[in-house]
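Values in this document were obtained by computation on a predicted structure and should not be read as measured data.
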Amino acid sequence: MKEIRIAIIGTGMISDRHMTVINNLKKRGQNLTVVAACDIVKEKVEAFGRKYGLPEDRLYTDFREMLKRDDIDEVEVCVHNNLHTSVATAVMAAGYPCYSEKPMAASYADAKILYDAQKKYGQKLAVQISSIYNPQTRIAKKMIAEGKLGDVYHVRSVGHRRQGRPGYDMPFFSHDFIDPKIGVHGPLFDLGIYHLAQMLYVLGMPELESVYGVQSCSYWRDARIDNAVNCHTPIEDLGVGMARFKGGISMDIYEDWAIHMDEIGTSFIAGSLGGLKFTDVDTTGGPLAVPEGGSIVGGGALQKPRLEWFGVDGDGVLFDNKIECAIGDISGMQEVALNPEMEKYNDNQLQWYSYLRGELTDETRVDSPYIAMQTAFLSEGVVLSSELGRSVTADEIKAMSKSIALREQETPFGTIRYDFDDYKPE
């Protein structure tokens, strides 16, 4: 098996998840080697090196210096939202394939710039969206394509935490999550990509017509925490919306980081003949993201995605079927046993490495950059609608979206200036 030599930019919490997947894949025989890592905070990259056995000459604070190495096959970008376009385009401009963390960007304009950079630089790109790489998503997509739900007419995309604002009341997360220049947006862009992208993908990427949205940052705060985490310009903790797609499909959107309620329901898809309820949508990376003898990086329990199929048969009899579709249970294991190739569709990184080796093509891989860009498009519609106080059309989103990705980044060693294309409204 061809070796893939990996470089990582950003050695915060999410890089540990990348490393966990890499190490678990190596145990399964994948020929993967992390050859270099970079972080603008010297102490962080040094700690990363000690943890994963990288010597000092493979550790960098300036990723531009790291990209001068001649032993890198691909680069994994593990920085925050508003640096994804900045850093990932720089990676591809330097001649490397790039695997970027979610969300694709903090605006549709920047997602489009990054998407177009693939063609401009002739490089491969992937975006981490763990929710679309498991049997739950594939089964739902197949059922809809086969007409088992009849004509789909309504969808609900849901994400909920009782209280969980990363970097604020979840202090083990970076404060960059709640920095309006770096994190920019709250739950709709953070965790919402998992739920929205899954719904769009299983529906076959329907074309958006319009969206009405409202965002809020009204959940409980305290000046003592504000001061402790240096957060005095709160970003939203709730995003809701109603979208309409061509063909008449509607989607109601609900995504929070914190709200005073215990349960608010799950994502579902409703059609004329049946409906699918989604339970335990994967937002943590699946079984490969769990270290041996440990727990998922960032907390939370390993999800076991399931579906519940409600319908009516030809005699008008209502039925309710439970579908176990987690990768770690008997159903998911049997899928791989019957067709070992499906293993490549059960994990973001494994699919990426398979794509780099040529085992998957543009036609056979899941096109995560396109899915992530369209998710950013829908999310941007909610943001713009909330700002304007009215619904917005798809054409208005394209016209009004602005590039906000950082073109200059202050670091302990000076200013990094990023050079990427301007957004040209379609």
Side-chain angles (χ1 to χ4, degrees), residues 10 12-14 77-88 100-115 127-129 131 157-161 163-170 173-197 200 208 211-219 221 229-241 243 253-259 283 298 371-389 392 397 400-407 409 423:
M13 180 183 293
I14 202 65
V77 173
C78 300
V79 295
H80 278 277
N81 301 3
N82 213 25
L83 281 165
H84 290 166
T85 296
S86 314
V87 177
S100 178
E101 262 302 320
K102 62 82 189 168
M104 192 168 188
S107 76
Y108 169 69
D110 289 316
K112 183 68 164 56
I113 290 168
L114 179 50
Y115 183 83
V127 178
Q128 190 275 110
I129 319 173
S131 59
S157 175
V158 172
H160 168 60
R161 285 174 173 166
Q163 181 173 290
R165 293 164 290 183
Y168 189 81
D169 39 44
M170 299 174 77
F173 282 85
S174 167
H175 294 168
D176 286 344
F177 277 97
I178 50 175
D179 186 319
K181 292 184 179 179
I182 301 176
V184 184
H185 291 299
L188 194 63
F189 279 76
D190 176 36
L191 294 174
I193 184 172
Y194 293 121
H195 307 115
L196 291 172
L200 293 175
L208 182 67
V211 61
Y212 179 84
V214 177
Q215 295 199 105
S216 169
C217 52
S218 299
Y219 185 81
R221 299 174 61 88
V229 301
N230 192 28
C231 179
H232 302 283
T233 306
I235 61 174
E236 64 272 3
D237 48 54
L238 172 68
V240 296
I253 300 161
Y254 177 94
E255 201 74 36
D256 74 48
W257 267 347
I259 199 167
T283 63
I371 298 167
M373 180 179 67
Q374 295 305 116
T375 305
F377 185 54
L378 176 54
S379 302
E380 177 96 350
V382 174
V383 172
L384 290 171
S385 172
S386 183
E387 292 173 350
L388 294 170
V392 292
I397 299 169
M400 292 189 291
S401 185
K402 305 291 184 186
S403 174
I404 56 175
L406 296 182
R407 291 184 178 269
Q409 181 186 13
Y423 171 64

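- Here the CG-OG distance, from Leu238 to Ser386, works out to 9.5 Å after rounding to the nearest 0.5 Å.
- How far OG1 of Thr85 is from CZ of Arg407: 9.5 Å, rounded to the nearest 0.5 Å.
- A salt bridge between Asp110 and Lys402 is absent, with no side-chain N of the basic residue lying under 4.0 Å from a carboxylate O of the acidic one.
- Here the closest heavy-atom approach between residue Ile113 and residue Ser403 is recorded as CD1-OG, 3.9 Å.
- Partners of Ala376 according to the side-chain contact (heavy atoms from CB on, under 4.5 Å) rule, which considers only residues two or more places apart in sequence or in another chain, are Ala111.
- Using a 30° and 60° split on the angle between ring planes, Phe189 and His185 fall in the parallel class, below 30°.
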Practice task
Show your reasoning for whether side-chain contact (heavy atoms from CB on, under 4.5 Å) applies to Cys231 and Arg221.
Solution key: CA-CA 10 Å; Cys231 179; Arg221 299 174 61 88; 3.5 Å; yes
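- To the nearest 0.5 angstrom, Ser107 atom OG is 13.0 Å from Met400 atom CE.
- When side chains are defined from C-beta on, Leu114 does not count as touching Met373, because their heavy atoms never get closer than 4.5 Å.
- Listed here is the closest heavy atom pair of Gly381 and Val392: O-CG2, 3.6 Å.
- The side-chain contact (heavy atoms from CB on, under 4.5 Å) test with Arg165 is passed by exactly one of Ile235, Asp237, Val229: Asp237.
- Remark: Phe377 pairs with Tyr108 by the ring pair (Phe, Tyr, Trp, His ring centres under 6.0 Å) rule, at least two apart or across chains.
- Using a 4.5 Å heavy-atom threshold, the side chains of Val382 and Glu255 count as separate.
- By the ring pair (Phe, Tyr, Trp, His ring centres under 6.0 Å) test, Tyr115 pairs with no residue at all, sequence neighbours left out.
- To the nearest 0.5 Å, the span separating CE on Met104 from NE2 on His84 amounts to 11.0 Å.
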Exercise for the section: For side-chain contact (heavy atoms from CB on, under 4.5 Å), just list the numbers for Gln215 and Val383, CA-CA rounded to whole Å, side-chain angles, deciding distance to a tenth of an Å, and then say yes or no. Expected result: CA-CA 7 Å; Gln215 295 199 105; Val383 172; 3.4 Å; yes
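- Taken from CD1 in Ile182 to CG in Leu406, the straight-line distance is 6.5 Å, to the nearest 0.5 Å.
- Heavy-atom minimum distance, Ala405 versus Ser86: CB-OG, 3.8 Å.
- Atom CD1 of Ile193 sits about 9.5 Å away from atom CD1 of Ile371, to the nearest 0.5 Å.
- Closest non-hydrogen pair, Leu191 versus His195, comes out as O-ND1, 3.4 Å.
- Listed for the Asn81 side chain is a donor-acceptor partner under 3.5 Å among the backbone atoms of Gly183.
- Between the side chains of Tyr194 and Gln128, at least one donor-acceptor pair of N or O atoms lies under 3.5 Å.
- Taking the six-membered ring where the residue is Trp, Tyr254 and His160 present tilted rings, their angle falling between 30° and 60°.
- Within the 3.5 Å criterion, the main-chain N or O of Gly186 finds a donor-acceptor partner in the side chain of Glu236.
- Closest non-hydrogen pair, Ala106 versus Glu380, comes out as O-OE1, 4.4 Å.
- Two residues are said to be in side-chain contact when any heavy atoms from C-beta on lie closer than 4.5 Å; Asn82 and Asp179 fail this criterion.
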Practice task
For Leu196 and Leu378, run side-chain contact (heavy atoms from CB on, under 4.5 Å): C-alpha distance rounded to whole Å, both residues' side-chain angles, the deciding distance at 0.1 Å, then the answer.
Solution key: CA-CA 8 Å; Leu196 291 172; Leu378 176 54; 3.8 Å; yes
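- At least one donor-acceptor pair under 3.5 Å links the side chain of Ser379 to the backbone N or O of Thr375.
- Residues Val211 and Ile397 meet the side-chain proximity criterion, which asks for heavy atoms closer than 4.5 Å.
- You'll find the side chain of Gln163 reaches within 4.5 Å of the side chain of Tyr219, heavy atoms only.
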Exercise for the section: Let me see the working for Ser174 and His80 under side-chain contact (heavy atoms from CB on, under 4.5 Å), right down to the final yes or no. Expected result: CA-CA 9 Å; Ser174 167; His80 278 277; 3.6 Å; yes
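- When all heavy atoms of Ala88 and Val77 are compared, the pair lying nearest together is CA-CG2, 4.3 Å.
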